[in-house]
Amino acid sequence: MAAVLPHPTTGTPLSGLARALVQANRLSAVQADMLHKKAAQEKIAFIDALLASGAIEARTLAAFCAETFGYPLLDLSAFSVGVLPASAIDAKLMQAQRVIALAKRGNKLSVALSDPTNSQALDQIKFQSEATVEPVIVPHDALLALLAAIAKGAEQDLSDLAGEEAAIEFADDDKEAAPPEAANDVEDAPIVRFLNKILIDAVTMGASDIHFEPFEKFYRIRLRVDGVLRDHASPPLAIREKLVSRIKVLARLDIAEKRVPQDGRMRLIMSATRTIDFRVSTLPTLFGEKTVMRILDATQAQMGIDALGYDPDQKALLLDAIARPYGMVLVTGPTGSGKTVSLYSCLNLLNKPGINISTAEDPAEINLPGVNQVNVNEKAGLTFPVALKSFLRQDPDIIMVGEIRDLETADIAIKAAQTGHMVFSTLHTNDAPSTLTRLMNMGVAPFNIASSVILITAQRLARRLCTCKQPLETSHDALLAAGYRETDIDDTWKPYGPVGCDRCLGSGYKGRVGIYQIMPISPAIEALILGNGNAMEIAAQAEKEGVNSLRRSGLMKVKQGLTSVEEVLGCTNE
């Protein structure tokens, strides 16, 4: 191992790039000491002070680093901002450490840098990206130029976009115009165009939510795509107030009220045939108001049952249940598991001129022409029970309750199902069997549950593998541990895993696929309910009757090549 060289004047050891240059006789120890002092005084990096001194040229230094440290040397002139994997490294980390992600293939990330001794940057990238980092040496001046181009591209939304025409129009359910003075306060052209671009980007990328988040020293915008939050933009902190005010005006919120949360809605008219609704929520935080926008695309409800990912036998059970003249069908799962889209898809199948459908929702997320939709308003006294009682005087055929939250709502919904109406609703439970015990714990009589509920479907959304997927070598024991049975495994089948490409932004996943547990209420399960059976007993009986658990349904999706074992294990319990 080479000896550590001391500074000639201070006696402290030279390290990093300076040490390598001195050891190779490319720089004297005195020069290195002077450059270190200059860098410390001007608060710049040693490499900046070195190149500014003229002691060595950027391209010569790059060639020296590549040869000395054994990394590839690359010419950055072939790269432009548009071809770089934008989400591979956090934008602030990239600018702070002066590194650029060049390409990502699978779990390997190629990173351009000019100082290979910057181990802190490499460690931070490994931690943040969870990838194997492969350094590539580039000339320092070319690196800075490309970093500047990337930063300019990020800021373009607030500068160059001011000269572009917005291609969208906003509308909302409240026909009353916003106060002119409020609108004028936020009609800042760059802000308007920046927000328009963020919304269009989110819709184009298939995002479900947009998060506008202020912090003490930075502002970030994240999109939830395929269930995972991704950094999308980091606009200047100074625009946070104007951006929130613009959103509030569009959503008909009080722009002067910043102390309490607010909820509103807005609509984005993208074309004559496509309208996107947004549910807007603001929340006061330490450094400003955080705003979250839920994207409600009505086209999702028009996809139909076939597009949701039900297996053929599951689809047959569901269609048979919703075709009955009366009874209750419950959809369960956590927030964001696709319950609303499943219910709307069922309502679309039943939405015919001869059928009267009424829904009570909090709020109505997607507009369904031909369906009488009611927004619950707790402050005004329009609660779920009040709406349900009113529905029963409106000659309904089908009733949809957004969520059963309490005993009163459950009782009215069950009585409606018992008196000749088809009732749809949702609950937040882990799986189908636990839904029945949840109703019992609410105080619903077991007899009422057994005589009204005809089918329960539990669901999750797993990320769908991109077309770049590849078969994985997985041991027999690992597959058994995941939940496969001996009969499911053979030598000809291997589970697919994520790889990563430009189409999926390196994640290996594109879109989502539904995982379902469809449990009809059989006479045997009815007997268990009447006998106050617990969730484990009901689950055991359902399994005997051929009902797959969520975990097993997910593993069957893996066998079909739709998702990965890791994804199924991450979104289901066993």
Side-chain angles (χ1 to χ4, degrees), residues 202-203 205-210 223-229 276-279 292-312 314-315 317-319 321-322 329-350 359 361-368 371 373 400-404 424-432 434-435 455-465 509-519 548-558 560 562-564 567-573:
V203 173
M205 294 173 65
S208 61
D209 300 87
I210 311 171
L223 305 182
R224 187 177 294 279
V225 181
D226 298 336
V228 179
L229 278 172
I276 308 293
D277 288 312
F278 294 83
R279 194 170 70 198
V292 176
M293 304 175 72
R294 167 66 58 89
I295 301 174
L296 310 171
D297 190 350
T299 58
Q300 293 181 339
Q302 308 294 333
M303 292 189 304
I305 293 291
D306 292 331
L308 297 181
Y310 290 98
D311 292 333
Q314 294 177 334
K315 175 185 169 184
L317 290 171
L318 180 61
L319 293 179
I322 67 175
V329 173
L330 296 173
V331 180
T332 74
T335 301
S337 60
K339 299 188 299 295
T340 301
V341 172
S342 294
L343 281 178
Y344 282 178
S345 297
C346 291
L347 291 179
N348 264 330
L349 287 176
L350 302 171
T359 73
E361 303 170 71
D362 185 21
E365 296 191 354
I366 298 175
N367 179 33
L368 293 176
V371 175
Q373 296 175 271
M400 196 268 273
V401 187
E403 182 184 350
I404 293 178
F424 296 99
S425 191
T426 70
L427 278 90
H428 289 90
T429 57
N430 290 328
D431 57 14
S434 61
T435 303
L455 181 135
I456 301 173
T457 169
Q459 63 185 70
R460 299 289 188 275
L461 288 177
R463 289 186 293 170
R464 185 188 293 268
L465 284 169
Y509 297 93
K510 183 70 175 177
R512 289 196 281 181
V513 61
I515 297 174
Y516 302 95
Q517 179 186 30
I518 307 290
M519 188 179 80
N548 284 333
S549 67
L550 281 167
R551 170 65 58 82
R552 179 147 183 84
S553 293
L555 293 175
M556 293 304 101
K557 289 288 192 295
V558 176
Q560 296 167 23
L562 298 175
T563 188
S564 65
E567 189 68 13
V568 170
L569 297 181
C571 68
T572 61
N573 294 324

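Computed from a prediction, not measured in an experiment: that's the story for all the values here. One is the number of the first residue; the rest follow in order along the sequence.
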Taking all atoms of both residues into account, what is the closest heavy-atom pair of [X] and [Y], and its distance?
{"X": "Ser434", "Y": "Thr429", "answer": "OG-CB, 3.7 Å"}
{"X": "Leu223", "Y": "Ala207", "answer": "CB-CB, 4.1 Å"}
{"X": "Val568", "Y": "Gly554", "answer": "CG2-O, 3.4 Å"}
{"X": "Ala321", "Y": "Val329", "answer": "CB-CG2, 4.2 Å"}
{"X": "Thr426", "Y": "Gly402", "answer": "OG1-O, 2.5 Å"}

Side-chain touch [X]/[Y], heavy atoms, less than 4.5 angstrom:
{"X": "Leu368", "Y": "Gln373", "answer": "yes"}
{"X": "Leu317", "Y": "Met519", "answer": "no"}
{"X": "Lys339", "Y": "His428", "answer": "yes"}
{"X": "Cys571", "Y": "Ile515", "answer": "yes"}
{"X": "Phe278", "Y": "Ile295", "answer": "yes"}

Just by modelled atom types, is the [Y] backbone N or O under 3.5 Å from a matching donor or acceptor in the [X] side chain?
{"X": "Arg224", "Y": "Ser208", "answer": "no"}
{"X": "Gln517", "Y": "Asp431", "answer": "no"}
{"X": "Thr457", "Y": "Ile518", "answer": "no"}
{"X": "Thr563", "Y": "Arg463", "answer": "yes"}

Starting at [atom1] of [X], measure out to [atom2] of [Y] and round the result to the nearest 0.5 Å.
{"X": "Leu349", "Y": "Ile322", "atom1": "CG", "atom2": "CD1", "value": "5.0 Å"}
{"X": "Leu550", "Y": "Asn430", "atom1": "CG", "atom2": "CG", "value": "9.0 Å"}
{"X": "Arg460", "Y": "Arg512", "atom1": "CZ", "atom2": "CZ", "value": "12.5 Å"}
{"X": "Phe424", "Y": "Thr359", "atom1": "CZ", "atom2": "OG1", "value": "12.0 Å"}
{"X": "Ile210", "Y": "Leu229", "atom1": "CD1", "atom2": "CG", "value": "11.5 Å"}
{"X": "Arg551", "Y": "Leu569", "atom1": "CZ", "atom2": "CG", "value": "5.0 Å"}

With sequence neighbours left out, write down each residue that passes side-chain contact (heavy atoms from CB on, under 4.5 Å) with Asn548, or none if nothing qualifies.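 By the side-chain contact (heavy atoms from CB on, under 4.5 Å) rule, Asn548 matches Arg552, Ser553.
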Give a yes or no on whether a salt bridge exists between Lys557 and Asp311, defined as a side-chain N under 4.0 angstrom from a carboxylate O.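 Salt bridge between Lys557 and Asp311, a charged N being under 4.0 Å from a carboxylate O: yes.
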Quick one: ring pair (Phe, Tyr, Trp, His ring centres under 6.0 Å) partners of Tyr516, sequence neighbours excluded?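 Ring pair (Phe, Tyr, Trp, His ring centres under 6.0 Å) list for Tyr516, sorted by chain: Tyr310.
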Could you check Arg294 against Asp277 for side-chain contact (heavy atoms from CB on, under 4.5 Å), going step by step and ending with a plain yes or no? CA-CA 8 Å; Arg294 167 66 58 89; Asp277 288 312; over 6 Å; no
Evaluate the criterion side-chain contact (heavy atoms from CB on, under 4.5 Å) for residue pair Leu465 and Tyr509; output intermediate values, then yes/no. CA-CA 4 Å; Leu465 284 169; Tyr509 297 93; 3.7 Å; yes
Under the side chain to side chain contact (heavy atoms under 4.5 Å, CB included) test against Ser425, which residue among Leu343, Thr332, Ile404 passes?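 Checked Leu343, Thr332, Ile404 against Ser425; only one passes side chain to side chain contact (heavy atoms under 4.5 Å, CB included): Ile404.
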